[in-house]
Chemist: 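Structure provided below as structure tokens; questions to follow.
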There are 2 protein chains.
Amino acid sequence: MKPEIAPTTEPLSKARLRVWLKLLKTVNGVETGIRRNLRDDHQTTLPRFDVMSALARFSDGLKMSELSKFLKVSNGNVTGIVDKLSEEGLVLRVAVPGDRRAQIARLTPKGLEAFEELAEHHESWINNLLEGLSVDDIETLSSTLDVVLSHQAEKE
Amino acid sequence: MKPEIAPTTEPLSKARLRVWLKLLKTVNGVETGIRRNLRDDHQTTLPRFDVMSALARFSDGLKMSELSKFLKVSNGNVTGIVDKLSEEGLVLRVAVPGDRRAQIARLTPKGLEAFEELAEHHESWINNLLEGLSVDDIETLSSTLDVVLSHQAEKE
DNA sequence: GCCTAAAACTTTAAACTTAAAATATTTTAA
DNA sequence: TTAAAATATTTTAAGTTTAAAGTTTTAGGC
């Protein structure tokens, strides 16, 4: 008697690869949309928005190194972005009392105002781009992503 | 009698924003892992891998413009990457008979061999990074992403 | 106090990216 | 046939990103 042949299913590893590519495609698509909106409607960029967003969240400001760690980008990168935002009066560099090496980046009132305007639009763009997702979809998706994220956190 | 106050739930728009940020964080984490692996274990980069991957899929090669369209990057971008890969003997530029403007980029045997090595490792990295995801998780995730992707496709 | 190591930034070099201009070739249409 | 438009690609200029090197300042150990 021939051995039973199990129905050939795609190996889990291939399925994971496939869903990864889909994940990447989805996120790239959304991100491209956001970048375009930021550029066309507000003459700004995603990295600038990210910096402003971080500084808005920490209203006392962040040291340059804290900012780069929070955003997971290099130190040199935030230097450049904060330079530009400073020139435009949206961000201020404040000396840290007692440590002349360090500087704190803070939003100016003008910067905060600009960010709030951006944030409102940003939320609405995202809402459009993710229009099909129900509360249940979101809940399930969120749990699934938590699995991956906690796995990432372990490895650090 | 007082009117019933519905329990204040987070607006759908905020929930979508929140899950978007989580999606972004997840994908960035995985992508960072892949880039690090490509660099540390194979002295290469993600854009190079992407180009090789596209050329491996189309074994007859792709015109430069087809390649840039497929990868959704600019023409000039692939020119530079293909230049480098050519110098290293991994990719070949072939004239298109009947159209002297066009060129077809193809993997060399050496390039194909290098890619297959990379692809095997890549699949295993992804498999590790997405380790917690079951077949069911993947199925559900895939359907959810399809919702967003089809919405994206509409807008083009 | 003085020297070394660590910390906080900035600068630099290399790779990637895009949009726009430039080049070469092919197609269209008058 | 030939001028104009379209196509395929490369080149260029400007900007982003990172890792690594460089600068300044602080903290410890002797």
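Because only heavy atoms are used, hydrogens play no part in the values below, and waters and symmetry mates are left out as well, while side chains stay in. Numbers restart at 1 for each chain; the letters A, B, ... are given by sequence-line order, proteins then strands.
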Chemist: Tell me the interatomic distance from Arg36(A), atom CZ, to dT18(C), atom P, rounded to whole angstroms.
Modeler: 14 Å
Chemist: Within this structure, what is the CG-to-C1' distance between Leu67(A) and dT17(D), rounded to whole angstrom?
Modeler: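 Spelled out: CG on Leu67(A) to C1' on dT17(D) is 15 Å.
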Chemist: Can you tell me the distance, in whole Å, between the CD atom of Gln43(A) and the P atom of dA14(D)?
Modeler: 20 Å
Chemist: Between His42(B) and His121(B), what is the ring plane arrangement, given parallel below 30°, perpendicular above 60°, and tilted in between?
Modeler: perpendicular
Chemist: Using modelled atom types only, decide if a donor and an acceptor are shared between the side chain of Ser86(A) and the backbone of Leu92(A) within a distance under 3.5 Å.
Modeler: no
Chemist: Expressed as a whole number of angstroms, how long is the span from Arg39(B):CZ to dA14(C):C1'?
Modeler: 13 Å
Chemist: Once you round it to whole Å, what is the distance between C1' of dT16(D) and CG of Leu38(A)?
Modeler: 15 Å
Chemist: Compare the minimum distances between each of dT26(D), dT26(C), dC16(C) and the side chain of Arg100(B), then state the nucleotide with the smallest one.
Modeler: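 Of dT26(D), dT26(C), dC16(C), dT26(C) is nearest to the side chain of Arg100(B).
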Chemist: Would a single hydrophobic cluster contain both Leu129(B) and Leu21(A), if residues Ile, Leu, Val, Met, Phe, Trp and Tyr are joined by side-chain heavy-atom contacts under 4.5 Å?
Modeler: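 Leu21(A) clusters together with Leu129(B).
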Chemist: Over how many whole Å does the gap from Ile81(B) atom CD1 to dT10(D) atom C1' extend?
Modeler: 14 Å
Chemist: Nearest whole angstrom, please: distance from the C1' of dT17(C) to the NZ of Lys72(B).
Modeler: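 One finds 17 Å between C1' of dT17(C) and NZ of Lys72(B), rounded.
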Chemist: Would you call Asp83(A) and Arg93(A) a salt bridge, taking side-chain N to carboxylate O under 4.0 Å as the test?
Modeler: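 So Asp83(A) pairs with Arg93(A) through a salt bridge.
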Chemist: Going 5' to 3' along nucleotides 5-11 of chain C, which nucleotides have protein heavy atoms under 4.0 Å from the base (write B), which only from the sugar-phosphate (write S), and which from neither (write -)?
Modeler: --BSBBB
Chemist: Between Gly98(A) and Val73(A), who's closer to the 5' end of DNA chain D by nearest nucleotide?
Modeler: Val73(A)
Chemist: Measure from NZ on Lys69(B) to C1' on dA8(D) and round the result to the nearest Å.
Modeler: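 Distance check: Lys69(B) NZ to dA8(D) C1' gives 11 Å.
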Chemist: Indicate, with a heavy-atom threshold strictly under 4.0 Å, whether Lys84(A) touches base, sugar-phosphate, or nothing.
Modeler: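 It contacts sugar-phosphate atoms only.
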Chemist: Tell me the partner of dA27(D), counting only Watson-Crick (N1-N3 plus N6-O4 or O6-N4) or G-U wobble (N1-O2 and O6-N3) with both under 3.5 Å; none if nothing fits.
Modeler: dT4(C)
Chemist: Is a salt bridge present between Glu88(A) and Lys84(A), judged by a nitrogen-to-oxygen distance below 4.0 Å?
Modeler: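 Salt bridge: no.
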Chemist: Is it the case that atom NZ in Lys25(A) sees more than 12 heavy atoms from other parts of the structure closer than 6.0 Å?
Modeler: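 12 or below, so no.
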Chemist: Base, sugar-phosphate or nothing for Thr45(A)? Non-hydrogen atoms, less than 4.0 Å.
Modeler: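 Thr45(A): no heavy atom of the nucleic acid under 4.0 Å.
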Chemist: Is there a path of hydrophobic side-chain contacts, each under 4.5 Å between heavy atoms of I, L, V, M, F, W or Y residues, that connects Leu149(B) with Ile138(A)?
Modeler: no
